[in-house]
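Everything below concerns the one structure shown next.
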Amino acid sequence: MSLIKSISVGNGDMFYIKHGTSNFTIIDCNIDDTNKKEITDEIVLESSGKDIIRFISTHPDEDHIHGLKYLDDKIDIANFYCVANEATKDDETEDFKRYCELRDSKEKAFYIYRDCSRCWMNKNDDEKKYGSSGINILWPIVDNEDYQNELLNVKEGKSSNNISPIIKYSLNNGVTVLWFGDLESSFMEKIKDTIELPEADIIFAPHHGRSSGKIPKEWMESINPKMVIIGEAPSEKIDYLSGYNTITQNTAGDIILDCSTGIVDIYVSNENYSVNFLENNKKANDYNSTYIGTLNL
């Protein structure tokens with residue numbers, strides 16, 4: 001079993017995966033004075049007893065690193081995963097400064113790229129003490145010309161959206177999930193023939209589900225998702241993906257995916273939210289949230 005939570009943090013992203021092994025993964029951070037203590041306390045609680053705790057930063061835009069300094073001060077991030085980059089900003093926030101410290105740390109940073117491997121991320125240690133997290137990186141290909149151009153852009157202080165990696169999480173005999181960070185449609189169109197994406201059961205729509213992050217048709221056909229989770233963004237900017245089963249975080253609130261063999265039980269914090277494509281297995285409400293149905297894989 002594992003548990004994935006997409007935390008409702010307004011215009012931004014924050015996730016964690018509580019693995020069935022001794023791993024715990026946080027993806028991105030967007031917390032402020034209204035929620036930082038509550039969310040950080042939850043992460044401390046849920047990660048207690050886990051030996052390997054990692055933070056994956058998709059890119060250093062403020063809505064993906066806001067509150068990073070506070071979080072790091074509280075949990076002492078020892079494993080900081082990001083793409084190798086030299087991003088700069090004219091207006092450096094304390095969170096961006098902390099991002100740079102972690103990114104450039106010889107002790108804490110691990111640079112991710114397509115097919116990279118690391119003990120406990122996607123391979124076991126010799127003694128199989130902690131297990132694997134089931135996380136693999138599908139993009140970037142670091143010598144790709146279009147990607148190299150984006151690295152030059154961020155070095156000059158421009159948008160970092162398109163240095164986002166594509167992250168795959170798979171549970172043995174269970175769900176496969178993809179994250180795309182804030183990759184933009186125009187960039188994905190450039191690289192769509194460079195990589196072939198695998199089938200996945202659930203995807204988190206790029207760029208919070210905005211139309212500007214629309215996934216190329218060819219990728220959607222190869223992924224063939226059973227469900228798409230659309231992040232929080234102004235409704236007029238969202239691509240609601242007609243033809244696909246969707247959950248929209250704007251109205252669902254926190255989304256919890258309780259993953260086990262062959263199924264995903266889904267819970268949301270908005271007790272009035274519902275969808276019609278899930279099977280009702282009549283599970284009790286849990287995680288201080290409302291059960292809305294089960295996705296059969």
Using atom types as modelled and distance alone, determine if a side-chain donor or acceptor of N122 lies under 3.5 Å from a backbone N or O of C116. yes
Without swapping roles, check the side chain of Y291 against the backbone of N281 for a donor-acceptor pair under 3.5 Å. yes
State, yes or no, whether a side-chain contact exists between I7 and Y16 at a heavy-atom distance under 4.5 Å. yes
Over 12 foreign heavy atoms within 6.0 Å of CD, Q148: yes
Under 3.5 Å, is there a donor on one side chain and an acceptor on the other for S170 and T176? yes
Basic-acidic side-chain contact under 4.0 Å: K97, E94: yes
Any chance CD of E221 has more than 12 other-residue heavy atoms, nucleotides or ligands included, within less than 6.0 Å? yes
Does E92 reach the side chain of C100, with side-chain heavy atoms less than 4.5 Å apart? no
Mind listing the closest non-hydrogen atom pair of G67 and C29 along with its distance? C-SG, 3.8 Å
Test item: D265 side-chain N/O and T294 main-chain N/O as donor-acceptor pair under 3.5 Å: no
Which residues satisfy the side-chain hydrogen bond (donor to acceptor under 3.5 Å, both in side chains) test with K50, sequence neighbours excluded? none
Would you say the side-chain atoms of D61 pair up with the backbone N or O of D63, donor to acceptor, closer than 3.5 Å? no
Check for a donor-acceptor pair, side chain of N250 on one end and backbone N or O of A233 on the other, with a separation under 3.5 Å. yes
Between N173 and T261, do the side chains contain an N or O donor and an N or O acceptor separated by less than 3.5 Å? no
Pair I77-K108, side chain to side chain contact (heavy atoms under 4.5 Å, CB included): steps then yes or no: CA-CA 8 Å; I77 297 169; K108 297 184 175 183; 5.7 Å; no
Between S22 and D51, which heavy-atom pair has the shortest distance, and what is it? OG-OD2, 2.6 Å
Look at atom CD of E145 and say whether more than 12 heavy atoms of other residues, nucleotides or ligands are closer to it than 6.0 Å. no
Taking it one step at a time, do Y240 and T246 satisfy side chain to side chain contact (heavy atoms under 4.5 Å, CB included)? CA-CA 8 Å; Y240 286 99; T246 61; 5.9 Å; no
So, does R103 use its side chain to make a donor-acceptor pair with the main chain of P60 at under 3.5 Å? no
For D254 and S8, does a side-chain donor sit closer than 3.5 Å to a side-chain acceptor? no
Non-neighbouring partners of T58 that pass side-chain hydrogen bond (donor to acceptor under 3.5 Å, both in side chains), sequence neighbours left out: D28
Could you tell me whether the side chain of S164 and the main chain of D182 form a donor-acceptor pair under 3.5 Å? yes
Given Y99 and F80, is the ring pair (Phe, Tyr, Trp, His ring centres under 6.0 Å) satisfied, shown in steps? CA-CA 9 Å; Y99 170 89; F80 187 80; 5.7 Å; yes
Do the side chains of Y169 and W219 join up, straight or via other hydrophobic residues, at under 4.5 Å, putting them in one cluster? yes
Would the number of heavy atoms belonging to other residues, nucleotides or ligands and lying under 6.0 Å from NZ of K283 be above 12? yes
With a sphere of 6.0 Å drawn around CG of N280, does it hold more than 12 non-hydrogen atoms of other residues, nucleotides or ligands? yes
With a 4.5 Å limit on heavy-atom distance, are the side chains of E232 and N30 in contact? no
Atom NZ of K214 with >12 non-hydrogen neighbours under 6.0 angstrom: no
Is the CD atom of E38 crowded by more than 12 outside heavy atoms at less than 6.0 Å? no
Got a donor-acceptor contact below 3.5 angstrom from the K168 side chain to the P198 backbone? no
Check: Y111 side chain, N85 main-chain N or O, donor-acceptor pair, under 3.5 Å: no
I want to check something: taking the side chain as every heavy atom from C-beta on, are P165 and H59 in contact at a cut-off of under 4.5 Å? no
Can you give me the closest heavy-atom contact between I112 and Y81, atom names plus distance? CG2-CD2, 3.9 Å
Go through the steps for M121 and S133 under the test side chain to side chain contact (heavy atoms under 4.5 Å, CB included), then give the verdict. CA-CA 5 Å; M121 180 181 83; S133 71; 4.1 Å; yes
Same cluster or not: I56 versus I229, using hydrophobic residues (I, L, V, M, F, W, Y) connected whenever any side-chain heavy atoms lie under 4.5 Å apart? yes
Got more than 12 heavy atoms from elsewhere within 6.0 Å of NZ, K74? no
Any side-chain donor near an acceptor of the partner, H208 and D13, under 3.5 Å: yes
Check whether any side-chain heavy atom of N161 sits under 4.5 Å from a side-chain heavy atom of P206, and report yes or no. no
Can you tell if the side chain of L183 reaches within under 4.5 Å of the side chain of N162, non-hydrogen atoms only? yes
Do S211 and K237 touch side chain to side chain, with heavy atoms closer than 4.5 Å? no
Student check: side-chain heavy atoms of V175 and L295 closer than 4.5 Å: no
Using only heavy-atom distances, determine whether the side chains of N23 and T21 contain a donor-acceptor pair under 3.5 Å. yes
May I ask you to check whether T93 and D95 show a side-chain donor-acceptor distance below 3.5 Å? no
Indicate the atoms forming the closest heavy-atom contact of Y70 with K37, along with that distance. OH-CA, 3.6 Å
Is it the case that the side chain of R118 and the backbone of F110 share a donor-acceptor pair, with hydrogens and angles ignored and the cut-off at 3.5 Å? no
Under a 4.0 Å threshold between the charged nitrogen and the carboxylate oxygen, would R114 count as salt-bridged to D143? no
Hey, is K5 close enough to E46 for a salt bridge, meaning N to O under 4.0 Å? no
